[in-house]
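Worksheet: the structure to be examined is printed underneath.
Just so we're on the same page: letters track the sequence lines, and every chain starts at 1. Values below: all heavy atoms of this structure, side chains included; hydrogens, waters and symmetry mates excluded.
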Amino acid sequence: MSAPEPTPSADNPSTPERSLNFIEQIVEEDLRTNRNGGLPVQTRFPPEPNGYLHIGHAKSICLNFGLAKKYGGKCNLRFDDTNPTTEETEYVDSIQEDVRWVGFNWDGLYYASDYFEQLYQWAEQLIQENLAYVDSQSADEMAKQRGSATVAGIETPFRNRSVEENLDLFRRMKAGEFPDGAHVLRAKIDLAETHLIMRDPVLYRIRHAHHHRTGDKWCIYPMYDYAHGQCDSIEKVTHSICTLEFETHRRLYDWCIENLRIFPSRQYEFARLNLTYTVLSKRRLLELVKGNHLAGWDDPRMPTLCGLRRRGYTPEAIRAFCDRIGVARFNSTIEMSWLEDALRDDLNKRAPRAMAVLKPLKVVVTNWPAGEVDWLDAVNNPEDASAGSRKVPFSGTLYVEQDDFMENPPKQFFRLGPGREVRLRYAYLITCQEVVKDASGNVVELRCTYDPASRGGNSPDGRKVKATLHWVSAEHAIATEVRLYDHLCRQPNPNDVPEGVDWKTTINPNSLEVVPQAMLEPSLAQAAPGSQWQFERLGYFCVDSVDSKPGQPIFNRSVTLRDSWAKAQQKAGGQRS
RNA sequence: UACCCGAUGGUGUAACGGUAGCACAACAGAUUUUGGUUCUGUUUGUCCAGGUUCGAAUCCUGGUCGGGUAACCA
């Protein structure tokens, strides 16, 4: 066996050697010792089709598919559809779309329900070997008899039914002779087990429910613990990776495989993703959607993959993020800024730049020749010369950002103020000569002069201006809606609420700010739905793919640019509008 | 409480008995027609107490703290 990972040699010292995470170490060790007898690395991503995928799932997707890719193995997409009452094809479809969007293609597409017949046969086998029995008590009674952490469970009176009786009952369960809850199939293990999970766990329950794939063929359905390991085994999954809460289930996972004497898939657990300022549990996400706290699963504030997609996140950013956070068994919480940074990194390289003014302040250029329009060259992406340039119109009436003017600017403020000169990006240097206010004292217009020698933004005599502002020409601007998003929750940990207080009280009431009339440079009129842009000095924005109309794009702010001025302001205790 | 798992700077993550490293953040500087980007530099860490050892983040014992499990959910 050759070493799986080449060490960087002296001639390519730039190759950074990322250390292996603990699962990669296990895989490499297994490969080295040929633990699976020459079988390729086989993983699987096993979502239950009862909700939408979120960024936490992306971690699992990148791990499972990434492992297969890295070690020349395969990764299946397998729907864990053993509970027909909660599962729907709507979710099956969205999950497939999201996995593809993140950037992976599965080798096999399977459903746990594909294996119902085999699972059933194995159940009969366990009965034959006196390793499973039919219990006929209620769920309540069973719960009582399970005992507790400190008290051993007690056996059900049905525990010692004969193999024949168990088989007969189980077959009649399958045949639909009994109503829901009348009987269950249980593993015969040990009621005194310290692992509560091993106290004769339920393997099958009766559910007269329509299944999204098998229809009405079955009225008994296997439990997760009985189905999952065997499905892995059937698919020759070598490394079955799941989250930490399944750790205690591993005993049962192994028990089933050992007693059925089938291919020994092995389970490994890692810590699920936690992110600050949001929630990542299906239950809570469902709560947000059903309670109409947000616009739906794809609301751009949702941490769902479809929400992030609509927000303007790219698959590249998601993958880079997942790569950066690592995989471990420690229960960690990742700062939301990591996700945002991953997006900035990606979009900085490829998002074309444009100018847009969110909160317009009118600027009249008093010495501009009346009626004239100057079409100026603007670079599309300073990070990418191949992106070329475009023309932007300049005229005597412009808009600049309200935040870029202060009547009494402090020393640290470089932008516009009375008597100050600044550069308008790609255009001219202008100097503020006069401030016009309305009756209540609000600044409503700036009257400025421009320097004709500064065309393109050059300083003709080498004089310095401290600020370069974005702007749009008033007569050419397209006015449209821009949606500014902020954290879903106000506090880093939404779970950190006093006893009895609903976590939903931590929802950020200002997570969405709608700007109804932002002014955009005209080239943006034809921006395609879903396309991503950097509005210079503001952030990355994408065209909303749901609400935009041809010629009338609506923009979502994906993430702001880093803003050291705003940060300094906040630190100084001042608020920024 | 019983069982299981975990604990390394602000946040993550390496080091597998031999110099505590990397990334992001923070801070400082340089560059800059985006207060963006880029570049350079700096600060900050092994949960506690014992033990083994020439040597412990690593091994052992005890403790502390955190998480998980106790559904006819997955």
Side-chain angles (χ1 to χ4, degrees), chain A residues 16-21 25 46-48 50-51 80-83 85-87 112 135 137-140 142-143 146-153 180-186 193-199 201-207 220-221 223-225 227-228 242-251 269 271 276 282 324-335 337-338 341-342 344-345 348-349 353 355 378-379 382-383 412-415 422-427 429 454 456-459 465-470 534-539 560-568:
Chain A
E17 194 184 13
R18 185 171 70 77
S19 53
L20 303 177
N21 65 49
Q25 290 180 22
E48 184 189 11
N50 70 346
D80 223 332
D81 56 352
T82 56
N83 185 0
T85 55
T86 57
E87 295 153 5
D135 195 0
Q137 300 184 107
S138 70
D140 279 352
M142 271 182 57
R146 190 155 22 239
S148 69
T150 43
V151 181
D180 289 6
H183 307 281
V184 289
L185 184 72
R186 288 229 254 170
E193 263 284 354
T194 50
H195 267 70
L196 290 308
I197 203 101
M198 297 294 276
R199 320 247 260 223
V202 171
L203 269 23
Y204 266 92
R205 79 286 215 187
I206 301 172
R207 279 264 215 284
I220 56 171
Y221 291 92
M223 300 289 291
Y224 166 87
D225 284 311
H228 202 91
C242 62
T243 45
L244 246 24
E245 68 268 26
F246 291 102
E247 192 176 344
T248 51
H249 295 241
R250 192 172 63 230
R251 287 277 301 278
E269 311 87 16
T276 56
K282 270 189 191 174
R324 223 174 267 180
I325 59 177
V327 177
R329 289 173 64 82
F330 175 65
N331 238 301
S332 59
T333 300
I334 310 291
E335 292 176 351
S337 61
W338 280 39
D341 280 330
R344 290 189 188 104
D345 273 2
N348 175 51
K349 286 175 281 184
R353 318 281 128 127
M355 291 196 284
V379 171
E383 305 291 318
Q412 297 306 317
F413 186 83
F414 302 152
R415 283 106 96 148
V422 297
R423 171 168 34 238
L424 296 182
R425 184 116 156 118
Y426 300 128
L429 304 190
S454 65
N458 300 304
S459 162
V465 287
K466 293 186 89 172
T468 300
L469 309 187
H470 60 278
Q534 185 197 101
F535 289 175
E536 296 222 23
R537 304 211 302 136
L538 295 176
T560 60
L561 250 30
R562 281 201 193 84
D563 188 344
S564 52
W565 165 245
K567 196 191 293 176

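Nucleic acid contact for A:Val202: sugar-phosphate only, since backbone atoms but no base atoms lie under 4.0 Å from a heavy atom of the residue.
The listed nucleotides are B:C3, B:A15, B:C72; the one nearest the side chain of A:His195 is B:C3. Taking every side-chain heavy atom of A:Glu247 into account, B:C4 is the closest of B:A74, B:C4, B:G36. Distances from the side chain of A:Ser19 to the nucleotides B:A71, B:G36, B:A14 place B:A14 closest. Taking only side-chain atoms of A:Thr248, from C-beta outward, the nucleotide of B:G12, B:C73, B:G68 with the closest atom is B:G68. Comparing B:U1, B:U69, B:U34 by their nearest atom to the side chain of A:Ala149 picks out B:U1. Residue A:Arg146 places its side chain closer to B:A71 than to any other of B:C73, B:A71, B:U13. Of the candidate nucleotides B:U69, B:C5, B:G35, B:G35 has the atom nearest to the side chain of A:Asp563. Of all nucleotides listed (B:A74, B:A2, B:G35), B:A74 comes nearest to the side chain of A:Arg205.
A sub-4.0 Å separation between OP1 or OP2 of B:A25 and a side-chain N or O of A:Lys567 is absent.
On a pure distance criterion of 3.5 Å, a polar donor-acceptor pair joins the side chain of A:Arg415 and the base of B:G35. The base of B:C3 is not paired with the side chain of A:Glu193 by any donor and acceptor separated by under 3.5 Å.
Relative ring orientation between A:Phe246 and A:His249 is described as perpendicular, the plane-to-plane angle rising above 60° on a 0-90° scale split at 30° and 60°.
The pair A:Asp345-A:Arg324 counts as a salt bridge, with a side-chain nitrogen and a carboxylate oxygen less than 4.0 angstrom apart.
Side-chain contact between A:Arg186 and A:Leu203: absent, with no pair of heavy atoms (C-beta onward) separated by less than 4.5 Å.
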